[in-house]
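As structure tokens, the structure follows; a few thoughts come after it.
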Amino acid sequence: MRVATWNVNSVKQRLPRLLPWLDQRRPDVVCLQETKLADQAFADLLGEELARRGYEVAAHGEPRWNGVAILSRAGLDDVVTGVAGAPGFPHQEARAVAATCGGVRVHSVYVPNGRTPDSDHYRYKLEWLAALREVVRLGPEEAMVCGDVNIAPADADVFDPAAYEGQTHVTAPERAALAELRELGLHDVVRERWPEERVFTYWDYRAGMFHKDLGMRIDLVLASDPVAGRVRAAWVDRHARKGTGPSDHAPVIVDLDEAPDGDIGPVVPPPSAPAPKRGSVKLPQAPSG
DNA sequence: ATGGCGTGAGTTTCACGA
């Protein structure tokens, strides 16, 4: 199962990039952030194109800002919008949607930006993260939290840590809130796959930042133990940040092996039904004449 | 030198982003 997450920065503007990307990468589950569309507008814009590609859709949006979605062709069950117990700013914002896809509880999240560390928005960000942690803690064992967390987990996830010192996305309380979420047993699967490499997912549109590879890694795929054990590949699709009309974020793509207890059945026959001895099976005879 | 670029709503710019 291929799972991807992408902050598209307006799904309407990104349509000419999103549809070809779906056809090229063929993800089974896609978490989107910053869709910037109300749910009906999302369905009107994308419903037919996604259905044609076999995707079911759980969209949770607003007319102007924020907005998240999950697209899945691996099942889409028990959809829940929002984060129980999370604060608003002041109203509830469309920043999370969860669904069970292929046996995994998938969360598509767009964590509040935080703006500046002395702001109400920053406190909102930390409280929102604490509420998300509770939802994940009380949820199924097989879980993935995918999305734009608006936190660079470590200094290696920022092109110039000195330039960001004291600013949002890198402060100790934000990193602590992310660490508390991860302490539930979630693995940062891209960093674990690329422990020493320069890996970013976001580059400012301005000043040739992408061209110079001056970015941040703030879009994460976090996977619980049993899911992390199935990771075959985990990478940032930088190609999607190139060319005409890109988002300022690149997608993150993770490939999972089949679940050991999935619907493919047992790998070996159970003891009560031993495999037949070699040579004991009669093959059907070809009809003669 | 706090610039720069892109987006949405809606209009002679503003709010937001990270």
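Scope of the values below: all heavy atoms of this structure, side chains included, with no hydrogens, waters or symmetry mates. For clarity, every value in this text was computed on a predicted model and none was experimentally measured.
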- request: Output all residues satisfying side-chain contact (heavy atoms from CB on, under 4.5 Å) with Arg26(A), sequence neighbours left out; order by chain, then residue number.
  value: Arg73(A)
- line: Result for 5'-nearest mapping on DNA chain B, choosing between Met216(A) and Lys36(A), is Lys36(A)
- prompt: Looking only at side chains, do Glu34(A) and Asn7(A) share a donor and an acceptor under 3.5 Å apart?
  reply: yes
task: Enumerate the residue pairs fulfilling salt bridge (charged side-chain N to carboxylate O under 4.0 Å, His left out) with a member in residues 75-84 of chain A, sequence neighbours excluded, ordered by first and then second residue.
output: none
- prompt: Side-chain N or O of Tyr205(A) less than 4.0 angstrom from OP1 or OP2 on dC16(B)?
  reply: no
message: Looking at Asp255(A) and Arg2(A), is any side-chain nitrogen of the basic one under 4.0 Å from a carboxylate oxygen of the acidic one?
response: yes
Extract all donor-acceptor atom pairs below 3.5 Å that involve side chains of residues 177-185 of chain A and protein atoms in other chains or at least two apart in sequence.
residue, atom, partner, partner atom, Å
Arg182(A), NE, Leu186(A), O, 3.4

- request: Under 4.0 Å from any atom of DNA chain B, heavy atoms only: list the residues of residues 194-203 of chain A that qualify, in numerical order.
  value: Tyr202(A)
query: Under a single-linkage rule joining Ile, Leu, Val, Met, Phe, Trp and Tyr whose side-chain heavy atoms are separated by less than 4.5 Å, which residues share a cluster with Leu138(A)?
result: none
field: Of residues 155-179 of chain A, the positions that come close to DNA chain B - non-hydrogen atoms, cut-off under 4.0 Å
entry: His169(A)
- prompt: Is there any salt bridge (charged side-chain N to carboxylate O under 4.0 Å, His left out) pair reaching into residues 208-227 of chain A, and which pairs are they, with sequence neighbours excluded?
  reply: Asp157(A)-Arg217(A), Asp188(A)-Arg217(A), Arg198(A)-Asp213(A), Asp213(A)-Arg238(A)
message: According to ring-ring contact (aromatic ring centres under 6.0 Å, His included), who are the partners of His121(A), at least two apart in sequence or on a separate chain?
response: Phe89(A), Tyr124(A)
statement: For residues 91-104 of chain A, the salt bridge (charged side-chain N to carboxylate O under 4.0 Å, His left out) pairs (sequence neighbours left out) are Glu93(A)-Arg95(A)
- request: Check whether any side-chain N or O of Arg206(A) sits under 4.0 Å from OP1 or OP2 of dT2(B), and answer yes or no.
  value: no
message: Counting only heavy atoms and a strict 4.0 angstrom limit, can you tell me which residues of residues 144-154 of chain A come near DNA chain B?
response: Asp148(A), Asn150(A)
message: Expected output is a numbered-order residue list: members of residues 87-96 of chain A with a heavy atom under 4.0 Å from any atom of DNA chain B. What is it?
response: none
Nearest-Å distance for atom pair CD/C1', residues Glu62(A) and dT7(B): 15 Å
- request: Determine whether the side chains of Trp21(A) and Asp237(A) contain a donor N or O and an acceptor N or O closer than 3.5 Å.
  value: yes
Within the sub-3.5 Å range, which N or O atoms of nucleotides 13-15 of chain B have a protein N or O partner, and how far apart are they?
none

